[in-house]
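Have a look at the structure below before the remarks.
To find a chain, count down the sequence lines: A is the first, B the second, and so on, and within it residues start at 1.
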Protein chains: 2
Amino acid sequence: MATIYDVAKAAGVSPKTVSRVLNGDAPVNQKTRDAVLKAIGDLNYIPSSAARTMRSQRSGLVGMITGAISTGPEWSSPAGLPEIFIVQGAQRLLAEYGKTLLISDTGGRADRVPNLIQTFLEHRVEGLIYVAEYHQKVSLPVIGRNTPIVLANCFDDAGTPAVVPDDMGGQRTLVQALIDDGHERIGFLTLPDSLIARDLRVEGYKSALEENGIRFDPDLVVSAALADPAHEFDRLWDSVDRILRLKDRPTALCCGNDKMAMQVYRILHERGLSIPDDISVVGYDDYRIISEHVYPSLSTIDLPYGTIGIRTAETLLRLMDGAARTGKAPVDTVSGPLVWRNSVKKRDRKVTSITQWRS
Amino acid sequence: MATIYDVAKAAGVSPKTVSRVLNGDAPVNQKTRDAVLKAIGDLNYIPSSAARTMRSQRSGLVGMITGAISTGPEWSSPAGLPEIFIVQGAQRLLAEYGKTLLISDTGGRADRVPNLIQTFLEHRVEGLIYVAEYHQKVSLPVIGRNTPIVLANCFDDAGTPAVVPDDMGGQRTLVQALIDDGHERIGFLTLPDSLIARDLRVEGYKSALEENGIRFDPDLVVSAALADPAHEFDRLWDSVDRILRLKDRPTALCCGNDKMAMQVYRILHERGLSIPDDISVVGYDDYRIISEHVYPSLSTIDLPYGTIGIRTAETLLRLMDGAARTGKAPVDTVSGPLVWRNSVKKRDRKVTSITQWRS
DNA sequence: CGATGTCATGACATCGGTGTCATGGTTAGC
DNA sequence: GCTAACCATGACACCGATGTCATGACATCG
């Protein structure tokens, strides 16, 4: 492989001049420049980033770790796989800034993390990103002060900068949209209790009700999923059953995610209820293979993994740039747009909503 | 950051001896070794792979490109995203061999590929992997002879080593399973004509019929999907309609993939047909969020992306190891297991199948 | 016209490891 | 007891870039 010396010799200049042409850090005469560029082309010269890294102490690399890290309950999402969107988002932004992404997956074994970090540090990554499979709390082994790290889709106790989905705001937006469509009795089939997203979304649900002067009825919120997938469906069936038997039956159901919504479709269908005429349904995630293809297509809210990736990279780049931690909260929340399809029916409101004379 | 010289000084030995402890390339006295290891720990020394790469000319890096590359029709799979499984599979195997994965996504723009390759070459990657979104033919810009490259989920005209799914064998297996369950009139709602997988699977379908002495009826094979997603559903509806109106109506339907199967479920349901009692259905891909959660759960065949990733890495490692291209065909096919769930009904065969006296 | 500044370029050291070769001390073999 | 073989270690050059400083050729200015 040709070196900068070969190029220099071929162009009849010094290596340093070739370097100047490549990096543009000092003026070079046009003729000289042309000669150098020609030599580069002829020799098919490709600079060595290893040599450059050594001299300049900047590798241009960013490390990313995906896969399990917490020792919490294994809540596998065999098809969720938000990771790829986060990876793509982060990679694309980093590429714009000339950074290359090193990636490594734990393969589900948290004990491998220190090794991965060691490898990344050997490559002198300028920053690290850790991506969790779902919104959760993690605890990472400590890394030297020098290498900034940003958490994506998770956060920790140590105040590490993090980017997470705005589960509370998302659910609030979703419920607000239902209220705007005239719904007031809104059931909520939640994710498993062990998930942080579950609590945040219930908060968002409550807050939307409150802002609209609707009383919160605990009977309407049912923990519908189990961390154990084996009994998932039966549990969901039972939950729907309980909600439908309520005296003042809800006109709309929020589901923990689109997958659950798909199963709720089936349950409602088997019970002879038509969506959205008899009851409206919304999901969460905008998992398009489901939301676009079920019938009626599902109204939901986008869980913006791509944006989380971009935002994470953005935060990391800023830290790499030496920006001291700003006063800003270390946990950044990202919200996604409503995606309103055909699973919600507009209703006439029985009473004038409080919202109408609020704004 | 501590260097090997700092460690040497702290341990009272020469840098070269530290190097020997790290690499184990020559015997080192136990006492000396302990002193060196202690110094390494005390100083929190992490070797620089840039320096190592420079001297040894081996970077330990493998580059991977994902995203669009062909200029063919944009057949987007918004939710398919096999890439992540391929990435994971490849990364895990590479990690076992001490290789680190550099990853870059084209962001859908094939014209960026040369830049990505340039970047990878600057990092002196020891090998390259290109991952396509779906089984297709691609054409990559030429790279120097030195860096081996393997294609995953695609192939080219130039005879580059490649790993692709065994679409023909998979469909044959699937149809054979239907035949084993007593079906003989088997409809096939295929993927869009533009896809290579479509033709291969039709081949597999025919071959299974032939092996069982069942006459191929072209009316049973309907190109059910369009590359244009806008009219996708109407087209599918029409295709199912056409097949159901056939004089000798099929007892089972093969669908191009699980997503299509999910829509076929809905169509059959609306027509008052029950699965699997009135008609059996199988998919393709084992896209679990669908296949496990529709009702009845879908019998299908796994499209083994993880295995493709592993096999690709395996092939690449062999090439990196200097193994001259063996006589083996450069295109390697990978097949996945049947996943038999509840969407197929066993039938009594009207006539003794030819298979029974064949083996 | 000499002093000063700017432009274009080169010489040389250096980043942090490892390959090569040399060296001194032990042990084995005859 | 002398040589050969081996073990453990160090000196030194080198991988391929770039930062620093120096230098010669011109242009500018008072």
Query raised in the report: Does the side chain of B/Ser14 get closer than 4.0 angstrom to OP1 or OP2 of D/dT9 through an N or O atom?
Result: no

Query raised in the report: Which nucleotide, in any strand shown, forms a Watson-Crick or G-U wobble pair with D/dC21, with both distances under 3.5 Å?
Result: C/dG10

Query - Residue matched to D/dC29 through Watson-Crick or wobble contacts both under 3.5 angstrom - result: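 Across any shown strand, D/dC29 pairs with C/dG2.
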
Query raised in the report: Of all heavy-atom pairs between A/Lys31 and A/Asn29, which one has the smallest distance, and what is that distance?
Result: N-OD1, 2.8 Å

Which protein N or O atoms sit under 3.5 Å from an N or O of nucleotides 13-15 of chain D?
residue	atom	partner	partner atom	Å
D/dC14	O2	B/Arg55	NE	3.0
D/dC15	O3'	B/Gln57	NE2	3.3

Report summary line: Quick note, B/Ser48 side chain, CB onward, closest among D/dG16, C/dG16, D/dT9 is C/dG16

Requested in this report: Looking only at side-chain atoms of A/Val13, point me to the closest of D/dT9, C/dG10, D/dG16.
Outcome: C/dG10

Rounded distance in Å - [atom1] ([X]) to [atom2] ([N]):
X: A/Glu122; N: C/dG17; atom1: CD; atom2: P; value: 10 Å
X: B/Arg124; N: D/dA17; atom1: CZ; atom2: C1'; value: 10 Å
X: A/Ile46; N: D/dA17; atom1: CD1; atom2: P; value: 11 Å
X: A/Asp34; N: C/dA8; atom1: CG; atom2: C1'; value: 15 Å
X: B/Asn29; N: D/dC6; atom1: CG; atom2: P; value: 19 Å
X: B/Ile4; N: D/dT9; atom1: CD1; atom2: C1'; value: 14 Å
X: B/Arg52; N: C/dC15; atom1: CZ; atom2: C1'; value: 16 Å
X: A/Ile40; N: D/dA17; atom1: CD1; atom2: C1'; value: 13 Å

**Report entry** Full working for salt bridge (Lys or Arg N to Asp or Glu O under 4.0 Å) between A/Asp25 and A/Arg20
**Finding:** CA-CA 6 Å; A/Asp25 54 346; A/Arg20 279 191 266 257; 5.8 Å; no

Between [X] (side chain) and [Y] (backbone), is there a donor-acceptor pair under 3.5 Å?
X: A/Ser56; Y: A/Arg52; value: yes
X: B/Asn153; Y: B/Ala132; value: yes
X: A/Asn23; Y: A/Ser19; value: yes
X: B/Asp156; Y: B/Gly159; value: yes
X: A/Gln136; Y: A/Tyr134; value: yes
X: A/Ser49; Y: B/Glu122; value: yes
X: B/Ser59; Y: B/Arg124; value: yes

Report task. Determine the contact category for A/Thr32: base if any of its heavy atoms lies under 4.0 Å from a base atom, sugar-phosphate if only primed atoms, P, OP1 or OP2 are that close, otherwise nothing. Result -> sugar-phosphate

Query raised in the report: If you look at every strand shown and take non-hydrogen atoms under 4.0 Å, does B/Thr53 touch a base, only sugar-phosphate, or nothing?
Result: nothing

Query raised in the report: Taking atom types as they are modelled, is there a donor-acceptor pair under 3.5 Å from the base of C/dG19 to the side chain of B/Lys16?
Result: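 Pair found.
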
Requested in this report: Can you sort out which residues in residues 19-26 of chain A have a heavy atom within less than 4.0 Å of DNA chain D? Ascending by number, please.
Outcome: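 Result for residues 19-26 of chain A: A/Ser19, A/Asn23, A/Asp25, sorted by number.
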
**Report entry** Modelled atom types, side-chain donor and acceptor of A/Gln91 and B/Ser104, under 3.5 Å
**Finding:**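 A donor-acceptor contact under 3.5 Å links the two side chains.
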
